[in-house]
Amino acid sequence: MRLDKLIEAQFKTSKKQTKRLFLSQQVLVDGKMITQENKNVDSDLHDIQVARKKLYTHEHYFLMNKPKGVVTAKSDPKFQTFLDLMDKEDRFEELTSAGRLDRDTEGLLFLTTNGQLVYELSQNKKKVKKMYEVQVNGALTKEDQLAFEQGIIFYDGTLCQKAHLDVLYSSSCFSKGIITITEGKRHQIKKMCLACGKKVISLKRLSIGTLTLGDLASGSYRALTTNELIELKSYFC
Ligand code: URA
């Protein structure tokens, strides 16, 4: 969470009093004096000392294997949501997803109460790699691979960043591949394939940066391990 918000919550300080703590060099993270008030911190990753007192955060981080049919939302009048798949005690109000999956897409969702981290992971300039397993209704070709490397242009003229297509199987009516992208436009994979003349018939997200789906069963979720959280430390800006 934001360092200034943590201080305000723990010391019940006003914005002005919080600022004064930063200016008087009383805010230390991992032993270093910090002036960046909005720095993202987690006491599982950082040693946070303010006015000689150690502070603790209480963020939550989960990986979920979203099944098809479930929406990436916390409430929906019609469809099951990711929150519906979680135990009552894990349904934290601040929980958000780092990147959405369409209702008919399955696979990895990263859910956290740390909104700052979600923001950092979704910044296109951070170039966080997202891998998708895709099945399409035609042949995935060398020309398609080249088009992905050069940057696909959607039918509406939108230019995508360079991406990567690995072809696992290809025939005239069905192909399977792995697509790696570093941005998160709406319906991006479907539109990229459409720009190559193919319709996506099945889509599954396998990874987001260092986070991978592994053998997490469809519809289930788990808390991040300490190592998985440590691997995200560079995104705590
Ligand atoms: N690209 C899509 O087209 N759909 C998703 O759900 C995710 C990426």
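For ligands, and for the atoms within them, numbers begin at 1 and follow the listed sequence.
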**Message:** Using 30° and 60° as the class boundaries, would you call the ring planes of Tyr169 and Phe174 parallel, tilted or perpendicular?
**Reply:** tilted

**Request:** Just jot down the salt bridge (Lys or Arg N to Asp or Glu O under 4.0 Å) partners of Lys19, sequence neighbours excluded, or say none.
**Result:** Glu37

**Message:** Regarding Arg186 and Asp102, does a basic nitrogen lie under 4.0 Å from an acidic carboxylate oxygen?
**Reply:** no

**Fill in**
Those residues with a heavy-atom separation under 4.0 Å from ligand 1 are Leu101, Asp102, Thr105, Tyr132, His187, Gln188, Ile189, Lys190, Leu203

**Request:** Show your working on side chain to side chain donor-acceptor pair (under 3.5 Å) between Thr225 and Asn227 and close with a plain yes or no.
**Result:** CA-CA 5 Å; Thr225 63; Asn227 273 348; 5.7 Å; no

**Message:** Suppose we screen for side chain to side chain contact (heavy atoms under 4.5 Å, CB included). Which residues come up paired with Lys233, at least two apart in sequence or across chains?
**Reply:** Asp30, Leu45, His46

**Request:** Name all residues meeting the salt bridge (Lys or Arg N to Asp or Glu O under 4.0 Å) criterion together with Lys126; count only those two or more places apart in sequence or in a different chain, and write none if there are none.
**Result:** Glu120

